[in-house]
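Fair warning: this is a prediction, and the values are worked out from it, not measured in the lab. First the proteins, then the strands, lettered A, B, ... as listed; each starts at 1.
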Amino acid sequence: MFVIKCPHCFEAREEEEFSYGGEAFVARPESPETESEENWGDYLFMKRNPKGWHWEMWGHSTGCRKFFVLKRNTANHTIVGAWTLAEARKIYDAEEAIA
Amino acid sequence: MKKDYSIWKLLSQGLKHHEGWTPAWRSPEVKSSYDVVIIGAGGHGLATAYYLAKEHGIKNIAVLEKGYLGGGNTARNTTIVRSNYLWDEAAMLYEHSLKLWEGLTEDINYNVMFSQRGVFNLGHTLQDMRDIERRVNANNLNGIDAMALNAQEVKDRIPMINISKDTRFPIMGASFQPRAGVARHDAVAWGFARAASNYGVDIIENCEVTAMDIVNSQIKGLQTSKGYISTSKVGCVTAGHSSVMAKAAGIRMPLESHPLQAFVSESLKPILDTVVMSNAVHGYVSQSDKGELVIGAGIDHYTSYAQRGSPHVIEHTAAAIIELFPMFSRVRMNRQWGGIVDTTPDACPIISKTKVKGLYFNCGWGTGGFKATPGSGNVFAHTIAHDEPHPLNAAFTLDRFHTGHLIDEHGAAGVAH
């Protein structure tokens, strides 16, 4: 059980109010018709599933019903923060640029 | 000293205060080179090593385990064994496993306490009942024992189940597989370990694989916490940590690791002589030989490697069990735990070669791997020994997520484990 602060409601609420939406920032191939089976299968099914820091989507399903992005450690459930998609994308891109 | 267990040995040890027993398996020092290395000493990994040695004549095998033997999901499941799956590929694989279960105690000379007490998969809606009819017929066509029962027939076999129409999801009937049942989870790991060890397999505990040595898409060896091991064949059977191992090999996997929780009650007098599962209210229960009610449910929805989940999932499960068995409402719960299960998009395992030559993966068993332990090891051993899949696991490739040949068992087959 963890407590998540929804970046839309600005309130810390229990995990039960939220629903998990999977890995964040999975890019849809720009032209699916011409994409190879390999890339299309990767997009549909392959997951990072890291042991450690994970960028993931959550929906505040019994609250404001909006989606947001959470950075959480899958090894110990520590949460760094929650952001709207646009804000999270900036931080994510900056991190990826360093890595 | 003869290594077989028998009634005579038990009696003679009884006269000697049971002080003459020796460890069931050897704990040798790790060698620098092996023909085959299996990563993960759980039930599936040990079964793989056993069948490699027994059926394929490969004796120079190591099984590496980062923790202790059988300490992962083998120790954390609810021990249900059944084979009533819908699709041919899955049904045949699990039925192969069930047949091996039936002879396993004799085969490995270790009592795995396999008890064929039957499994009920309850239906609570008309659609549930249609799905059950379809699955039972599919099972029968595949030579698998199964029957569809109405609510009264369920009640006749399980007198204390609540088939009243006043519940939130009344029981309308069930599928029943008489040959299904439960087994003693630890004994499976210990039995396979002992049998493999007798064939000369080295089981190395507290040995974590930290990196894979891959040259020109061929596995050359493994970097471990006990030094470098050179080998040309590696079988990876690491359940919830399969994505971590795959990343070390530069392979992407369609896996998500989720916590799956279970719990047991205090010990009770014999009260439930079968296994009851329900997908609709989401819970399953059986009674162990110690008398505990063994209860489980679905996964926590977020990904995690922490081997613990959230309390509301337990609450939901307990509510489901009480709906089925109101008399359990005052039973006290004793222990609770979580395991990390590797789920695939189609709820079917991956038993496959990879793009790295000599590297094989057996993963993606998700919430239902225990029932497959002997069958999984058997076909995976064949895959490793021959560098091509056994006919029974030919469909369970990693490649199916690129070709689209998924085996869609999700929801279709009472997949709640």
Trainee: Is it the side chain or the backbone of A:Asn73 that comes within 4.5 Å of chain B heavy atoms, both, or neither?
Mentor: neither
Trainee: Does any donor atom in the side chain of B:His301 or A:Ser19 lie under 3.5 Å from an acceptor atom in the other side chain?
Mentor: no
Trainee: Let's test your reading of the structure: which of A:His54, A:Arg48, A:Glu56, A:Arg72 forms the most heavy-atom pairs below 4.5 Å with chain B?
Mentor: A:Arg72
Trainee: Any side-chain heavy atom of A:Lys47 sitting closer than 4.5 Å to one from B:Leu255?
Mentor: no
Trainee: Flag the pair B:Thr303 / A:Tyr20 as yes when at least one side-chain heavy-atom distance between them is below 4.5 Å, and no otherwise.
Mentor: yes
Trainee: By the definition side chain to side chain contact (heavy atoms under 4.5 Å, CB included), identify the one residue from A:Glu38, A:Met46, A:Glu37 that meets it with B:Phe401.
Mentor: A:Met46
Trainee: Any side-chain to backbone donor/acceptor pair from B:Arg308 onto A:Asn76? Under 3.5 Å, distance only.
Mentor: yes
Trainee: Out of B:Ala246, B:Gly240, B:Ser257, B:Pro345, return the one with the most heavy atom pairs under 4.5 angstrom to chain A.
Mentor: B:Ser257
Trainee: Is A:Glu14 close to chain B through its backbone or its side chain, or both, or neither, when contacts mean heavy atoms under 4.5 Å?
Mentor: neither
Trainee: For the residue pair A:Ala75 and B:Ala306, what are the closest heavy atoms and their distance?
Mentor: O-CB, 3.5 Å
Trainee: Name the member of B:Glu256, B:Lys247, B:His241 that forms the most heavy-atom pairs with chain A at distances under 4.5 Å.
Mentor: B:Glu256
Trainee: Could you check if a side-chain atom of B:Tyr305 sits within less than 4.5 angstrom of a side-chain atom of A:Asn49, using non-hydrogen atoms only?
Mentor: yes
Trainee: Return yes if some donor-acceptor pair links the side-chain N/O of B:Ser310 with the main-chain N/O of A:Met1 below 3.5 Å, else return no.
Mentor: yes
Trainee: What part of B:Leu406 is in contact with chain A, defined as an atom under 4.5 angstrom from a non-hydrogen atom: side chain, backbone, both or neither?
Mentor: side chain
Trainee: Could you check whether B:His402 and A:Phe45 have their ring centres less than 6.0 Å apart?
Mentor: no
Trainee: Let me confirm one number: the OH-CH2 distance from B:Tyr302 to A:Trp58, rounded to the nearest 0.5 Å.
Mentor: 7.0 Å
